[in-house]
A.B. asks: 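Have a look at this one before I ask anything.
Numbering of residues begins at 1 and proceeds along the displayed sequence. Because the structure is predicted, anything quoted here is derived from the model rather than measured.
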Amino acid sequence: MTEVSIDLIPLERLLHDLAASIRKTDADQSWATVETTSRELANHLRVRNAPVDNHTILGKTELPQTLTSLLSLGLHGCHIPDDNRTGAVLEILRVGANFCMDHNENRAALLEVGFPQSVMAILEGYAESIPSPPNAKPLPLSIPHLKIVRTSIGLLLNASIGFDLVKFRLTSLEAALTIIKLSSTLYPPTAWISYVNDPSKDAFIEEWDLRSGISNWAWRTMSALKDGQDESKSPSQCLQIINPDVLPWITAPLLKFCPPQPAESSPLADWDSDMFDNLVQTDFDFLEESCTLIESLSLDVEDFRLELARASCYPEDTKAVPCLTTILHFIEYGAYPPLWKSPIFDDADRKNKEKAFDICKAALIKSVVEVFGEEKNEDVLWNDSDPAHPGGLFVERFVQWIKGYIETVEARSGSYRDDMAICASLSLGNLVRKVNIAAALLSPPYSLAPILSSLHFISPSTDIKLKHGILGLLKHLSQFSKLSPIIPTSLAEVGILERIAASGIWDEKSDAMADVIQLSAIGVAKHMCNASLDHTFALVLPNDKNRPTGLSQILALIKRSDSVSIKSEGSRVLVNVVKTLWFSERTLDASDDRQKKRDQCISILLTPECATILTGLIARSNKYPILVNEGIVAISLLSTHKLGGPLVVDALTVPLNGEAPLSPSASIEVASSLPTPSSRNDGLPVPRHALDMLIFVLRNVDNPVNFPVEVRVNTCTFFLQLQRHASGVSLAKIREAVIPVVQQVVEDSEDVEGEEKLVKAANLLLESWKPQPSSA
C-alpha cells in the first residue's frame with residue numbers, strides 16, 4: 001500500500017480524543033502526541049490529487065472543530081502560544097493549511113467553526129508586540145514563532161484563494177493591515193545585510209529564509225484577497241480590503257532604496273548564491289508590491305488619498321516623517337540597489353530589475369498627482385503659515401524640481417529628471433484651484449513664468465509627457481487671469497502665447513497623439529485672451545512671417561479636428577478674442593499704437609471663416625446653454641461691424657456637416673414644422689446649423705436642456721442687432737423663419753412670471769421687423 005492511500009481517519013479520531021483529554025488534563029505528553037499526530041496528518045494532506053480523496057473524506061468528519069478546539073487549548077487564552085506549545089500549534093496550523101488547499105467545502109467547514117478567525121487572532125497577537133513607534137530593526141522572534149507566523153499566513157492564503165466567504169470574513173477583520181504590519185517588521189527590506197556576518201551561517205539561512213517566506217506569502221495573500229472583486233462595482237462601493245492605516249508600513253521602507261545603500265558585494269553571494277538571490281528578490285518584491293498598492297489605492301479610493309496627504313511613518317526609530325515626504329524622497333533619490341551589480345545576475349536580469357524599478361517610481365508619481373488632485377487635500381497640501389515658503393515644503397520642493405530640470409538641461413550636467421518635472425507640474429496644476437495659489441506661484445520667491453515658458457519645456461522637441469504637465473499647469477494658472485493682475489502680466493512678459501504658437505503644438509503633425517496637450521494650450525489661449533488685450537494681440541497679430549499666427553493655427557485645428565472638445569474650446573478662444581477686442585476702450589487718437597493693433601485684429605476677424613466657426617459653436621452645443629450663449633454674444637458683437645453683419649447672416653445657415661451654405665433663394669424651413677426623423681437624436685431635434693439652434697433656443701421646447709431666459713433674451717437681441725448692417729434676400733429669409741417663432745414666444749410667455757424681459761425683447765424684435773411704410 002502506498003503512502004497516499006493510507007487511511008487518515010484514525011489520525012483524525014486520535015486528535016479528537018486528544019482534544020477531549022486535554023480539556024480535562026493539560027498534560028505535556030498529550031501535547032507531544034498532538035504534535036506528532038498533526039505532523040503526520042499534515043504531511044499526508046500535502047498530496048492533493050491522491051487516488052483516495054482524503055481531503056473530502058476528512059471534510060465530512062469533526063476535524064475542523066477538533067483543530068479549532070486544539071488551537072484554542074494550545075493558546076491557553078492568549079493570542080501567542082507559549083514556547084512549550086509552539087511545536088503543537090505549528091503542526092495544527094499545518095493540518096488546517098493543507099486541509100483547505102484547493103478545497104472549497106473544507107474552506108467553508110473551517111470558516112463555519114471559526115478556524116481562520118482564530119488564526120487571525122494569533123497574527124494580531126504578534127502584531128501587538130510591535131513597538132510604537134516601530135523599531136527600524138527586524139522584530140525579534142525565535143525560529144518556532146517565525147514558523148507559526150509564516151504558517152498562519154500560508155493557511156489564510158490557502159483558505160482565501162478563490163473563495164469569497166473567507167475573503168469577506170478576513171476583510172472584515174482587517175487581515176490585510178495585520179499581515180502587512182507583521183511582514184514589514186519581520187522582514188524590513190535590506191535589513192538582512194546587517195546580519196549576514198553573524199557567526200552561524202546556518203542560523204542566518206534558517207532565520208532569513210523564514211522571514212523572506214513571510215514577506216512573500218504576505219504579498220500573495222494580499223493578491224488573493226483582492227482577486228475576484230465585483231468589477232461591476234466602483235472601488236468605493238466594494239468592501240475595502242486594505243485599510244489606509246497600512247500606509248506607514250509600506251512607505252517607510254522606500255527609504256531603504258535611497259542612498260546611502262550597502263556596497264555592491266555581499267559575502268552571502270559567495271557562500272550561498274541561491275539565498276542571496278532570494279533575499280535580493282524579496283527586497284525588490286516588497287518595493288514593487290508596495291508601489292503597486294499605493295498607486296492602485298490612490299487612483300481608486302478617496303480615503304486613501306486623504307490619508308496619504310496626512311499620515312506619517314517612522315523610517316527611523318523615533319522621528320515621524322510624512323508618508324508623502326518619504327514618497328517624494330524616493331522619487332527624487334531612489335536608486336538601483338548596488339547589490340544588483342553582483343556577478344550572479346546577468347545583464348538581462350539586471351535590466352529587467354532596473355526597468356521594473358523605474359516603473360515603481362512612475363507608479364508613485366501617479367499616486368502623488370492623484371493626491372494633489374484630491375480637492376479635500378488642498379488645506380493640507382497648501383500651507384501659508386511660512387511667508388518664506390509660500391504653500392509649504394511640498395510646493396517648494398515641486399518648484400525646485402521644475403527649476404532644477406531647466407538648470408540641469410542648460411548646464412548640460414547630470415541626468416535630466418523629466419519625471420520629476422512631470423510629477424511637479426501635474427501636481428501643482430491639480431493644486432491650483434484658487435487665485436491666491438496661482439498668484440503665489442508666479443510671484444517671488446517662485447516667479448515661475450520665465451521657467452514655464454522655457455524652450456526646454458515648450459518646443460517641438462519637448463517630450464510629450466513633459467509638455468502635457470507644463471501646459472496643464474499653465475492652463476490652471478491662466479484660468480485666474482481676470483482675478484489677479486500678476487498672472488496676465490507675468491505671462492505676457494515672457495510671451496507665453498507666442499512661445500506656444502512657435503512650439504508646433506497646434507500643427508497638423510501633432511494631432512495624432514496630442515489632443516490633450518492641444519486642449520491645454522487652447523485653454524491657456526482662451527483664458528489669457530479673456531483677461532488681456534495684450535495677449536489677444538499676441539495671439540492674433542503676426543510676429544513671424546514664416547509662421548502662422550496662434551489664432552490661425554487654432555482655427556485650422558478646429559476645422560480639421562474630429563474632437564468635439566477641441567472644436568468647442570478652440571471656438572471659445574475666438575469668442576474671447578472677439579469680446580476682448582470689442583469691449584476694450586477705443587481711443588480717438590488715430591496714431592495710438594494700441595488702437596491700431598486693435599483695428600488690425602478686428603480686420604483679421606472679419607472673415608467668413610471666423611463667422612462660421614462662431615456659428616458652428618452655437619449649432620453643435622445644443623446640450624450646453626453656456627456655450628450657445630457665448631456664441632450668441634460673439635456673433636452679436638461681430639454683427640455690430642458693418643462688414644461683420646453680412647458675414648454672420650451667411651454663416652447662420654452653414655450646415656455643421658460641412659456642406660455649402662444655403663443659397664439666398666432657398667427656403668428655410670425651421671421651427672414651423674416638426675423635424676424629420678433623420679434630424680432627431682434620442683427623440684429630440686438636432687440642429688442642422690446655427691439658425692436652427694437659435695430657433696430651438698427661442699422655442700425652448702424639445703431641447704436636451706432648458707435654456708435660461710437670459711439666453712433667449714440674448715437671442716432676440718442678436719436678431720435685433722443683425723439687421724443694422726445686413727439686408728437683402730438672406731436676411732429676409734431669416735426674418736421669415738424667425739418671426740412666427742418669436743410671435744409664439746410672446747403668446748406663450750405673456751403672463752409667465754420671470755419672463756417679462758423675454759416678452760419685452762421679443763416685442764422689440766417684432767416691432768423692428770414690421771414692414772416700414774414707404775415715404776411719399
A.B. asks: Ring centroids only, cut at 6.0 angstrom: are Phe204 and Phe276 within range, meaning strictly under it?
C.D. replies: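 Between Phe276 and Phe204, which both carry aromatic rings, the centre distance is not below 6.0 Å.
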A.B. asks: Tell me, which pairs form a side chain to side chain donor-acceptor pair (under 3.5 Å) where one or both residues lie in residues 462-480, sequence neighbours left out?
C.D. replies: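 Side chain to side chain donor-acceptor pair (under 3.5 Å) check on residues 462-480 returns Ser459-Thr462.
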A.B. asks: I'd like to know if the side chain of Ser298 and the backbone of Ile294 have a donor-acceptor N/O pair within less than 3.5 Å.
C.D. replies: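 Answer holds: yes.
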A.B. asks: Can Lys361 and Asp358 be counted as an ion pair, charged N to O under 4.0 angstrom?
C.D. replies: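 Here Lys361 does not pair with Asp358 in a salt bridge, since their nearest N and O are not under 4.0 Å apart.
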A.B. asks: I need the single residue from Val368, Leu364, Ile402 that forms a side-chain contact (heavy atoms from CB on, under 4.5 Å) with Cys423. Which is it?
C.D. replies: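 Output: one option passes, namely Val368.
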A.B. asks: Determine whether the aromatic ring centres of Phe257 and Tyr336 lie less than 6.0 Å apart.
C.D. replies: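 No.
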A.B. asks: Is there a donor in the side chain of Ser212 and an acceptor in the side chain of Asn278, or the other way round, less than 3.5 Å apart?
C.D. replies: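 On atom types as modelled, these side chains qualify, holding a pair under 3.5 Å.
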A.B. asks: Can you confirm whether or not the ring centre of Phe457 sits under 6.0 Å from the ring centre of Tyr405?
C.D. replies: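 Yes.
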A.B. asks: What's the spacing between Thr178 OG1 and Ile130 CD1 if we round to 0.5 Å?
C.D. replies: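 These two atoms lie 9.0 Å from each other.
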A.B. asks: So, Arg220 and Ser223: side-chain donor and acceptor under 3.5 Å apart, yes or no?
C.D. replies: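 No, Ser223 and Arg220 have no side-chain donor paired with an acceptor closer than 3.5 Å.
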A.B. asks: May I ask you to decide whether Glu207 forms a salt bridge with Arg211, counting only side-chain N to carboxylate O separations under 4.0 Å?
C.D. replies: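 Looking at Glu207 and Arg211, the cut-off is met.
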A.B. asks: Decide side-chain contact (heavy atoms from CB on, under 4.5 Å) for Leu93 and Lys147; before the verdict, give the C-alpha distance in whole Å, the side-chain angles of both, and the deciding distance to 0.1 Å.
C.D. replies: CA-CA 10 Å; Leu93 292 170; Lys147 287 180 178 180; over 6 Å; no
A.B. asks: Does the side chain of Glu332 come under 3.5 Å of the side chain of Trp401 through a donor N or O and an acceptor N or O?
C.D. replies: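 Result is yes, a qualifying pair exists.
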A.B. asks: Hey, is Arg94 close enough to Glu91 for a salt bridge, meaning N to O under 4.0 Å?
C.D. replies: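 Counted as a salt bridge, because a side-chain N and a carboxylate O are separated by less than 4.0 Å.
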A.B. asks: Give a yes or no on whether a salt bridge exists between Asp347 and Arg350, defined as a side-chain N under 4.0 angstrom from a carboxylate O.
C.D. replies: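 Salt bridge: yes.
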A.B. asks: Side chains of Asp277 and Gln281: do they bring a donor and an acceptor to under 3.5 Å?
C.D. replies: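 On atom types as modelled, these side chains do not qualify, holding no pair under 3.5 Å.
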A.B. asks: Side chains of Asn216 and Tyr187: do they bring a donor and an acceptor to under 3.5 Å?
C.D. replies: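 Short answer, no.
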A.B. asks: Looking just at side-chain N and O atoms, do Asn158 and Arg107 make a donor-acceptor pair shorter than 3.5 Å?
C.D. replies: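 Asn158 vs Arg107: no donor-acceptor pair found between side chains.
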A.B. asks: What pairs of residues pass the side chain to side chain donor-acceptor pair (under 3.5 Å) test when at least one of them lies in residues 115-134, not counting sequence neighbours?
C.D. replies: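 Side chain to side chain donor-acceptor pair (under 3.5 Å) check on residues 115-134 returns Tyr126-His145.
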A.B. asks: Can a side-chain donor-acceptor contact be found between Asp202 and Ser200 if the only test is distance below 3.5 angstrom?
C.D. replies: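 Side chains of Ser200 and Asp202: no pair found under 3.5 Å.
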A.B. asks: Starting at CD1 of Ile122, measure out to CG of Leu75 and round the result to the nearest 0.5 Å.
C.D. replies: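 Answer rounded to 0.5 Å: 4.5 Å.
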A.B. asks: Is the ring centre of Phe284 less than 6.0 Å from the ring centre of Trp340?
C.D. replies: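 Yes, they do, as the ring centres are separated by less than 6.0 Å.
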